[in-house]
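Quantities reported herein were computed from a predicted structural model and do not represent experimental measurements.
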Amino acid sequence: MKKVKEKNPNTLTLKESRAIIKSNLKEMKRLEKAKRVKVSSDSFTTQMHNPDNVLEVENLQTYFYTDNGVVKSVNGISFDVPKNSIVGLVGESGCGKSVTSLSIMQLVQAPQGQVVGGSIRFDTQDFVLDERGKKIPVYEKNVNGEIVYREKTDKKGEKILDKNGSPVTEPVQATTEDGVPLFETEDRVYDIVKMPTHDMCRIRGKDISMIFQEPMTSLNPVFTVGYQIEEVVYLINPLATKEQARKKAVEMLTLVGIPMPETIINYYPHQLSGGMRQRVMIAIALVGNPKLIIADEPTTALDVTIQSQILQLIKKVQKQCEASVVLITHDLGVVAETADYVVVMYAGKIVEKGTVFEIFDNPLHPYTKGIQKAKPTFETGADAELYSIPGVVPNPINMPNECLFKDRCGERCGQCEGEYPEEIKITDTHSVFCHLYKNKSKK
């Protein structure tokens with residue numbers, strides 16, 4: 001009798017693969033269509049749960065639709081970013097840190113990558129629109145509170161006259177020191193997950209900016225650094241003159257500590273060192289005076305001395321601009337030196353979060369303990385072997401709803417075989433996702 005060959009559970013049949021592709025295409029088309037729909041701003045306007053926060057991420061889910069299945073890169077994470085603070089997002093490579101930042105910026109590579117659920121509430125200011133949907137200008141006023149008028153001129157600079165030969169006047173619109181025209185604004189809270197792409201362009205780069213991971217490749221090699229900074233100035237203020245854009249670019253380079261900014265502004269990226277390029281990237285991120293800065297591993301590929309300078313610069317800029325920072329890194333030393341709050345991620349989920357003192361002085365989750373134990377210290381001998389967490393990260397495709405660290409955990413218990421542990425609050429600011437602390441939660 002012929003023996004029936006058993007199917008390998010780790011492979012897909014042609015029929016299964018086709019079914020996955022068909023299902024993925026249908027879902028990707030639905031999500032892409034939702035991004036292009038023109039809706040009223042009321043449909044994505046919401047309220048902050050805590051007015052002291054500038055950003056609130058709740059149950060965020062970002063998936064990648066591949067031919068082998070759905071990769072749940074970010075699988076239901078929640079954390080807050082308080083105003084005027086630095087929040088460190090920590091974890092191994094591939095745990096979902098960068099995908100979280102790209103989700104906040106609406107820059108996840110589509111159509112395969114999609115934010116499928118949750119909410120990202122961002123506290124910002126937006127323009128007040130009139131009945132025709134146009135921005136309402138703010139006009140200059142004299143000492144008596146009356147609007148200032150000036151004579152209207154044509155493109156040649158000649159006065160425009162009315163039918164009676166009298167000069168036509170117009171109100172003078174107020175501007176900032178940089179020459180940016182002022183319009184009436186109001187405090188708004190937007191849910192970025194629900195925002196169409198067209199509306200997201202109003203706050204991306206201006207209210208939320210990002211310092212990307214690799215300084216060697218983030219800048220365009222065929223344009224000068226001055227041109228690339230000026231490009232952002234024009235995007236934020238389309239009416240800016242060439243002189244105003246140039247002045248702003250020099251001002252930004254000066255702010256980030258680049259010597260001889262009037263000269264460096266004409267340099268191409270290949271003429272600058274890695275540290276200088278990263279400072280240029282920070283300057284680009286600061287042009288719009290953002291409320292939230294996302295720094296995605298800003299010290300990658302830099303030597304230790306330059307790393308320290310960049311971190312000190314980020315802290316200095318955060319205080320000067322009164323902005324909040326989400327600092328993404330896998331280096332605990334960077335977090336301990338810079339951050340106020342820490343969020344620890346593993347395999348697309350949060351395992352622990354708290355203040356920097358709570359995480360480093362009293363780590364609770366076995367994964368947090370493991371990554372701290374793996375870092376060399378002054379007590380570590382020259383010949384001593386560094387500790388490494390045993391095992392490997394689980395396959396990210398179609399992950400089950402259970403503790404994903406259990407197979408690598410030295411403290412696992414019987415409850416770890418069940419569903420993923422709920423958030424257990426130890427203090428008002430310190431919480432952990434682990435079955436070991438079910439009976440130790442804050443009363």
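With 3.5 Å as the limit, one finds a donor-acceptor pair spanning the side chains of Thr368 and Glu352. Gln112 and Thr66 share no donor-acceptor pair across their side chains, judged by distance under 3.5 Å alone. Looking only at atom types and distance, the side chain of Glu27 has no donor-acceptor partner in the side chain of Asn24 under 3.5 Å away. A donor atom on one side chain and an acceptor atom on the other are found under 3.5 Å apart for Thr45 and Arg188. For the residue pair Ser431/Glu423, the side-chain donor-acceptor check at 3.5 Å is satisfied. Side-chain N/O atoms of Thr62 and Gln114 include no donor and acceptor closer than 3.5 Å. In this model, no donor atom of one side chain and acceptor atom of the other lie less than 3.5 Å apart for Thr46 and Asp191. Using a 3.5 Å distance cut-off with no hydrogens or angles, the side chains of Gln125 and Asp187 do pair a donor with an acceptor.
The aromatic rings of Phe127 and Phe183 lie perpendicular to each other, with more than 60° between the two planes, well past the 30° mark.
Between Asp123 and Lys83 a salt bridge is recorded (basic side-chain N to carboxylate O distance below 4.0 Å). Glu170 and Arg150 are joined by a salt bridge, as a carboxylate oxygen and a charged side-chain nitrogen come within less than 4.0 angstrom of each other.
Residues forming a side-chain contact (heavy atoms from CB on, under 4.5 Å) with Glu92 (at least two apart in sequence, or on another chain): Tyr346, Tyr367, Val393, Arg408. For Gln47, there are no side-chain contact (heavy atoms from CB on, under 4.5 Å) partners, not counting sequence neighbours.
Atom CD of Glu337 sits about 10.5 Å away from atom CD1 of Ile86, to the nearest 0.5 Å. Taking CG of Leu89 as the start and CG of Asp296 as the end, the distance is 9.5 Å to the nearest 0.5 Å. With rounding to the nearest 0.5 angstrom, the OG1 atom of Thr100 is 9.5 Å from the CD1 atom of Ile294. Distance OG1/Thr217 to CZ/Arg277: 9.0 Å, rounded to 0.5 Å.
With a 6.0 Å cutoff to the six-membered ring centre and a 45° limit on the axis angle, Lys349 does not count as a cation-pi contact of Phe433.
Summarising the local packing, NZ of Lys194 is surrounded by 12 or fewer heavy atoms from other residues, nucleotides or ligands at distances under 6.0 Å. Around the CD atom of Glu422, the shell of radius 6.0 Å holds no more than 12 heavy atoms that belong to other residues, nucleotides or ligands. Annotation for Phe357: atom CZ does not count as buried by contact number, only 12 or fewer foreign heavy atoms lying within 6.0 Å. Atom CD of Gln320 sits in a crowded spot, with more than 12 heavy atoms from other residues, nucleotides or ligands closer than 6.0 Å.
Under the salt bridge (Lys or Arg N to Asp or Glu O under 4.0 Å) criterion, no residue pair touches residues 59-73, with sequence neighbours excluded. Within the structure, ring-ring contact (aromatic ring centres under 6.0 Å, His included) contacts touching residues 291-311 (residues at least two apart or in different chains) do not occur. Applying the ring-ring contact (aromatic ring centres under 6.0 Å, His included) test to residues at least two apart or on different chains, the pairs with a partner in residues 44-86 are Phe44-Tyr190.
Met345 places none of its side-chain heavy atoms less than 4.5 Å from the side chain of Val90.
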What side-chain donor-acceptor pairs closer than 3.5 Å can you find for residues 248-270, not counting sequence neighbours?
residue, atom, partner, partner atom, Å
Lys248, NZ, Asp178, OD2, 3.0
Thr254, OG1, Val250, O, 2.8
Asn266, OD1, Arg246, NH2, 2.7

